[in-house]
Number of protein chains: 2
Amino acid sequence: MDEATFLKTYDKRKFDTPLISVDSTLFTYHDHQLKVLLVKRSNHPDLDLWGLPGGFIDMQQDKSIRDTVLRKLEEKTKVIPPYVEQLQCVGDANRDKRGWSVTVCFSALIAHQDCEVGIADVSDAAWVAVDTLKDQTLAFDHQAIITVALERLRQKALYSIVPAYALPEQFTLPELQQLHEVLIGKTIQKKSFRRRIEQAELLEDTGEKRYEGGRPAALYKMKEASGEYTFVRNLEG
Amino acid sequence: MDEATFLKTYDKRKFDTPLISVDSTLFTYHDHQLKVLLVKRSNHPDLDLWGLPGGFIDMQQDKSIRDTVLRKLEEKTKVIPPYVEQLQCVGDANRDKRGWSVTVCFSALIAHQDCEVGIADVSDAAWVAVDTLKDQTLAFDHQAIITVALERLRQKALYSIVPAYALPEQFTLPELQQLHEVLIGKTIQKKSFRRRIEQAELLEDTGEKRYEGGRPAALYKMKEASGEYTFVRNLEG
DNA sequence: ACAATAGTGTCTCTGAGACAATATGCG
DNA sequence: CGCATATTGTCTCAGAGACACTATTGT
């Protein structure tokens, strides 16, 4: 049989396959806290439990897994986050009561101001501080997925400025440093922090300043591709 | 409707889902070259093309995706590699001629000597030097997957000794350094290389030596969990 | 002037890069 | 001994850590 014939007669429905979905851990930084977007489940199983935004691939609408993720995130927040990265894929026989299930997990970052409007609309979506998550029961294995996403983001705080995507387009250096400190879980020497960012020329001074409290802070924005930059030396965890 | 009823009546076959498979990039180091295990496809589509070892999840046999990967690798090599890590998940409408397809990719390392026997049996499996891959046409998007796996391994050579899993259990430091040099694509100062490994206490001196050429080299083996260790400072790429 | 926060100067310390010097096997 | 390869000594240099100091706003 040649390939054309094979493909014509191929029926994938003959094979039983796992469920396959996507889930996103969308982080933001607000009120000095790292927060994660949770949505209340409106369907079985785990109805009414809070979980990660996600859903099934729509093979008509979505050309790729990333499309599915962006579509699902946009449904909840009305916007597409500036940073979306694939995290890991989890799949086993027991994570979903409906049976063998595979989920492709993504980690994303967005400025709080850029999607609070979207969220306010949706009464079943909320920003939850990651510190308060320990006690909560989440749907499926979403608690574990968030833990992995958090650990990865924490690592990135040590060797990149990727966390900056959780801030507004313009931000101050002390603000970014605070975010990194929250992630790393300890204080950073401001000199060290500034030095490395300046040397790598990752940020652009907008010329504007933020007035608040003491001396005004310069407002910066990320340069193109600063998210890809990695320092050769970590801030020691 | 309560959850129990929901689950009883739930029929996932009502929904059309993508194909889902796993693929592994198994690396080894032999003859001063980094090699990757390829298998010749015995089925449509892409029949007779070389590709990565992989296959479909068997929901009866496999309790998790990792089970699938290990099962498929063992079928080809008769052994389970000491290092297996999830790499990325690729999924879109066009990567497989049979339709919307998702594949979960893994990267694995093994000592050449530990599976050459297994491979010899299987006439449709072969170690291929990664340098010679550029020209070849591989099945599906496996060429691209290998590129990603390689890039990830290259990064690990800069900040860990994970590549050591591609060597026999006992190996010499010059041997490990050579492997890292092949990965990084440039020479490393042997003093720097040794210093960091010694400081982090990642290897254990077996007391044995390898005689070959000049002064005999001490044989080391990895300590428990040395694969997880990351240096705070990279060997600069 | 003082409080509050932003930003700098500068010293120390760790660890990578460079490369010369030594050590240990072989013939 | 001389060759080949392994292993160590040691100097330099980049960049993080520490922390004191200066700068710029508001009250």
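Below, read A as the first sequence line, B as the second, and so on, with proteins coming before strands; counting in each chain starts at 1. None of these values were measured; they are calculated from a predicted model.
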Which parts of [range] get close to DNA chain D, meaning a heavy atom less than 4.0 angstrom away?
| range | answer |
| --- | --- |
| residues 214-221 of chain A | A:Gly214, A:Arg215, A:Pro216 |
| residues 179-198 of chain A | A:Gln189, A:Lys191, A:Ser192, A:Arg195, A:Arg196 |
| residues 151-175 of chain A | none |

Distance-only donor-acceptor check, side chains A:Arg71 and A:Thr68, under 3.5 Å: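 No, no side-chain donor-acceptor contact under 3.5 Å.
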B:Phe231 and B:Tyr229 aromatic ring geometry - parallel, tilted or perpendicular at 30°/60° bounds: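 It falls in the perpendicular class, over 60°.
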Aromatic plane relationship, A:Phe193 with A:His180 - under 30° parallel, 30 to 60° tilted, over 60° perpendicular: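 Ring orientation, 0 to 90° scale: perpendicular.
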Side-chain touch A:Pro82/A:Ile110, heavy atoms, less than 4.5 angstrom: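 A side-chain contact exists here, since the closest heavy-atom pair is under 4.5 Å.
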Beyond-backbone contact of B:Val102 with B:Val90, side-chain heavy atoms, under 4.5 angstrom: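 No, every pair of side-chain atoms sits at 4.5 Å or beyond.
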Quickly work out the [X] [atom1] to [N] [atom2] distance and round it to whole Å.
| X | N | atom1 | atom2 | result |
| --- | --- | --- | --- | --- |
| B:Gln199 | C:dT14 | CD | C1' | 8 Å |
| B:Tyr211 | D:dA6 | OH | P | 14 Å |
| B:Glu212 | C:dG25 | CD | P | 15 Å |
| A:Asn234 | D:dG15 | CG | C1' | 13 Å |
| A:Glu236 | D:dG15 | CD | C1' | 11 Å |
| B:Glu208 | C:dG25 | CD | P | 15 Å |
| B:Arg233 | D:dG17 | CZ | P | 12 Å |
| B:Leu176 | D:dT5 | CG | P | 18 Å |

Contacts of type ring-ring contact (aromatic ring centres under 6.0 Å, His included), residue A:Tyr159, not counting sequence neighbours: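 Per chain and number, A:Tyr159 pairs via ring-ring contact (aromatic ring centres under 6.0 Å, His included) with no residue.
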Side-chain donor or acceptor of B:Ser24 paired with backbone N/O of B:Leu26 under 3.5 Å: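 No, B:Ser24 side chain to B:Leu26 backbone: no donor-acceptor pair under 3.5 Å.
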Main-chain N/O of B:Ala217 paired with B:Glu212 side-chain donor or acceptor, under 3.5 Å: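 Between the backbone of B:Ala217 and the side chain of B:Glu212 there is no qualifying donor-acceptor contact (under 3.5 Å).
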Comparing B:Lys209 and B:Val232 on DNA chain C - which has the more 5′ nearest nucleotide: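 Nearest nucleotide further toward 5': that of B:Val232.
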In residues 149-158 of chain B, what donor-acceptor pairs under 3.5 Å come from side-chain atoms, sequence neighbours left out?
from     : atom 1 : to       : atom 2 : distance (Å)
B:Glu151 : OE1    : B:Arg154 : NE     : 3.4
B:Glu151 : OE2    : B:Gln155 : NE2    : 3.1
B:Arg152 : NH1    : B:Leu87  : O      : 3.3
B:Arg152 : NH2    : B:Gln86  : O      : 3.1
B:Arg152 : NH2    : B:Leu87  : O      : 3.4
B:Arg154 : NH1    : B:Ile184 : O      : 3.4
B:Lys156 : NZ     : B:Glu85  : OE2    : 3.3

Matching residue for A:Tyr220 among A:Leu203, A:Leu176, A:Leu167 - test: side chain to side chain contact (heavy atoms under 4.5 Å, CB included):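 Single pass found, and it is A:Leu203.
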Pairing residues for A:Arg95 by the salt bridge (Lys or Arg N to Asp or Glu O under 4.0 Å) criterion, not counting sequence neighbours: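 Partners of A:Arg95 by the salt bridge (Lys or Arg N to Asp or Glu O under 4.0 Å) criterion, ordered by chain and then number, come out as A:Asp141.
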